[in-house]
Amino acid sequence: MNEQGLREVVAAQTSISDINGQQGRLWYVGYDITDLARNATFEEVVYLLHNLDLPDRAQLAKLDTFLVRERELHPFLARMMPTLAQNTSPMSMLRTSVSASSAFDPDGWDESPEAEYRKAMRLIAETPTLIATFDRLRTGREVVPPNASLGHAANFLWMLHGSEPDPDDAATLDTTFILYADHTLNASTFTARIIASTLSDTFSAMTGAIGALKGPLHGGANEEAQKMAEEVGKPENAEAYVRERLGRHEKIFGFGHAVYKTMDPRATVLKEMCRQLGERCGQPQWYEIFSALEQTTFEQKGLYPNVDLYAAGVYHMLGIPTDLMTPIFALARMVGWTAHVREQYANNRIIRPGSEYVGPRDRTYVPIDER
Ligand code: ACO
């Protein structure tokens, strides 16, 4: 096998999500992503990805109660955060904090399926608090404690901005969380499953996944897309910008995909959200710049937008600093990562692909003074 990047290789069976790259379709446990984005809440999707069915009211209420209860940071993390806020980037903070969470999880090293489920829900619950606390501290503002009366997305905006969010903004953010929640065997999820397949712990798997997500070819692309839009400045500049970048053989962030060979269905939803949000908050320029980039990148290179392009514009207009965009991706993908790790534990075999040796052969050791 000489295929770089494991394209087309099936490395795991999963009941969690599925993609058709030719048709541009994505399903979570059989539900079309567009249907879920339009109708579901993030909390329902958390339940769906972990229990493989949508919850009834009682099941959802139980999950909500657990997630709300687990939002507060453990004092160990709260004490660490000022130092992290002074010295690290947001993704490094998240990687370190999630790793540190293993030190005090009430389930400790209990690896029963029930304990793994609780650990997953705690990580999902605490990640927004980590990000918001970090941002408040690094900008010299008071930390805002979680608000038990708000849902996952609204509470994140509350902790980040220190005021109750507009319900439309909260609903918009909630939908982006749904869109980012899972995506089959992408690089970070594969990383998490590889770590879990050695029967290492959930926290190690999440720490590795965050490391994989950070790169600009994966989750880091939403931040790069926003920087690109700011550099482009106005729609008229998009064509020359793309031409110059392609001429230098540089990537256009937020475009192209390893699986989709047409429009990413998440990008279709986000594009419309970006347009509507721009109109609502009086910032139509972002949609105009991103859609000019979309048009010219397709004309010049035949590439379609992926999830990260319009997500960047949406997050920017929700007042989210650019370097928190990838941590927010992680906040949402924590659901998919933990669901995949639980699925891996339930039917495990260590993941160990082969490699093709292309170096020299049949050499004989030469003493150091004779080389
Ligand atoms: N900008 C410029 N050229 C590109 C881009 C891009 N965004 N994407 C692909 N290409 C080029 C490739 O370099 C290749 O060119 P070549 O034939 O001249 O060598 C050609 O298009 C085909 O590339 P693919 O094989 O389809 O892409 P691959 O599967 O290797 O990479 C990837 C996929 C990493 C997502 C790539 O499209 C990319 O780097 N995009 C920009 C970064 C980005 O937005 N990442 C987020 C992806 S979504 C996610 O992870 C959440």
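Counting begins at 1 with the first residue of the sequence.
Paired with Q226 under the rule side chain to side chain contact (heavy atoms under 4.5 Å, CB included), one option of D323, L309, T322 passes, and it is T322. Only one option out of E111, E116, R122 pairs with T202 in a side chain to side chain donor-acceptor pair (under 3.5 Å); it is E116.
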Would you sort out whether T172 and M317 count as a side-chain contact (heavy atoms from CB on, under 4.5 Å), showing the intermediate values? CA-CA 11 Å; T172 299; M317 288 186 277; over 6 Å; no
From CA spacing to verdict: side-chain contact (heavy atoms from CB on, under 4.5 Å), F134, L94: CA-CA 9 Å; F134 172 89; L94 198 58; over 6 Å; no
Using the side-chain contact (heavy atoms from CB on, under 4.5 Å) rule, take T184 and T189 through it: C-alpha gap first, then chi angles, then the decisive distance, then the call. CA-CA 7 Å; T184 74; T189 305; over 6 Å; no
Determine, stepwise, if the pair Q22 / T262 fulfils side-chain contact (heavy atoms from CB on, under 4.5 Å). CA-CA 6 Å; Q22 296 301 328; T262 180; over 6 Å; no
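Taking both residues in full, the closest heavy atoms of D308 and A225 are given as O-CB, 3.9 Å, listed atom of the first, atom of the second, then distance. The two residues Y345 and A196 have their closest heavy-atom pair at CE2-O, 3.5 Å. Residues A181 and V45 share a closest heavy-atom pair of CB-CG1, 4.1 Å. Smallest separation of non-hydrogen atoms from L130 and M93: O-CE, 3.7 Å. The heavy-atom pair separating M121 from L67 by the smallest distance is O-CD2, 3.5 Å. The minimum heavy-atom distance linking Y28 with L179 is given by the pair OH-O, 3.3 Å.
One hydrophobic cluster holds both L73 and F156 under the rule that ILVMFWY side chains link at heavy-atom gaps under 4.5 Å. Grouping the Ile, Leu, Val, Met, Phe, Trp and Tyr side chains by contacts below 4.5 angstrom, directly or via other members, places I19 apart from V10. One hydrophobic cluster, built from ILVMFWY side chains closer than 4.5 Å, cannot hold both L246 and F253; they sit in different ones. Residue W27 is not grouped with residue L48 when hydrophobic side chains (ILVMFWY) are merged at heavy-atom distances under 4.5 angstrom, including chains of intermediate members. Note on V242 and Y310: same hydrophobic cluster, where clusters join Ile, Leu, Val, Met, Phe, Trp and Tyr whose side-chain heavy atoms are under 4.5 Å apart, directly or indirectly.
Counting only heavy atoms from C-beta outward, the side chains of R342 and Y117 approach each other to under 4.5 Å. Side-chain contact check for P55 versus E43: every heavy-atom pair is 4.5 Å or farther apart. Side chains of M273 and T176 form a contact here, defined as non-hydrogen atoms less than 4.5 Å apart. T83 places none of its side-chain heavy atoms less than 4.5 Å from the side chain of Q86. Using a 4.5 Å heavy-atom cutoff, the side chains of T88 and R95 are not in contact. The shortest distance between side-chain heavy atoms of M206 and V341 falls below 4.5 Å. Counting heavy atoms from C-beta outward, K301 and I252 have side chains that stay 4.5 Å or more apart. In this structure, P90 and E223 have side chains that are not in contact, with every pair of non-hydrogen atoms separated by 4.5 Å or more.
Legend: residues meeting ring pair (Phe, Tyr, Trp, His ring centres under 6.0 Å) with Y47, ordered by chain and number and at least two apart, are absent.
To the nearest 0.5 Å, the span separating CG on N347 from OG on S197 amounts to 12.0 Å. Atom CD1 of I320 sits about 9.5 Å away from atom CD1 of I131, to the nearest 0.5 Å. The CG atom of N87 lies 11.0 Å from the OG atom of S92; values are rounded to the nearest 0.5 Å. Here S291 contributes atom OG and L293 contributes atom CG; the two are 8.5 Å apart, rounded to the nearest 0.5 Å.
Within a 6.0 Å sphere centred on NZ of K261, heavy atoms belonging to other residues, nucleotides or ligands number more than 12. Counted within 6.0 Å of CZ on R248, heavy atoms from surrounding residues, nucleotides or ligands total more than 12; the atom is thus considered enclosed. Applying the 6.0 Å contact sphere to CD of E250 captures more than 12 heavy atoms from other residues, nucleotides or ligands.
In this structure, a donor-acceptor pair under 3.5 Å is present between the side chains of N222 and Y180. A donor-acceptor contact under 3.5 angstrom links the side chains of T338 and H50, judged on distance only.
When atom types are taken as modelled, the side chain of E370 and the backbone of P367 share no donor-acceptor pair closer than 3.5 angstrom. A donor-acceptor pair under 3.5 Å is formed between the side chain of T175 and the backbone N or O of A171. Side-chain N or O atoms of R136 include none that pairs as donor or acceptor with a backbone N or O of R141 at under 3.5 Å. Side chain of T129 to backbone of R71: a donor-acceptor contact under 3.5 angstrom is found. A donor-acceptor pair is defined here as one N or O able to donate and one able to accept, closer than 3.5 Å; no such pair exists between the side chain of N51 and the backbone of D53.
The residues D35 and R38 are annotated as not salt-bridged, no charged nitrogen and carboxylate oxygen being separated by less than 4.0 angstrom. Using a 4.0 Å cut-off between charged side-chain N and carboxylate O, K227 and E230 make no salt bridge. Using a 4.0 Å cut-off between charged nitrogen and carboxylate oxygen, K271 and E294 count as a salt-bridge pair. Salt-bridge check for R25 with D18: failed, with every basic side-chain N at 4.0 Å or more from each acidic carboxylate O. Here E70 does not pair with R118 in a salt bridge; the nearest charged N to carboxylate O distance is not below 4.0 Å. With salt bridges taken as basic N to acidic carboxylate O contacts below 4.0 Å, none links D110 and K119.
Here M159 sits in one hydrophobic cluster together with V144, L150, W158; the rule is ILVMFWY side chains under 4.5 Å apart, joined directly or through other members.
Relative ring orientation between F76 and H74 is described as perpendicular, the plane-to-plane angle rising above 60° on a 0-90° scale split at 30° and 60°. Taking the six-membered ring where the residue is Trp, F329 and H218 present perpendicular rings, their angle passing 60° and hence far from 30°.
A cation-pi contact, defined as under 6.0 Å to the ring centre and within 45° of the axis, is absent between R266 and F177.
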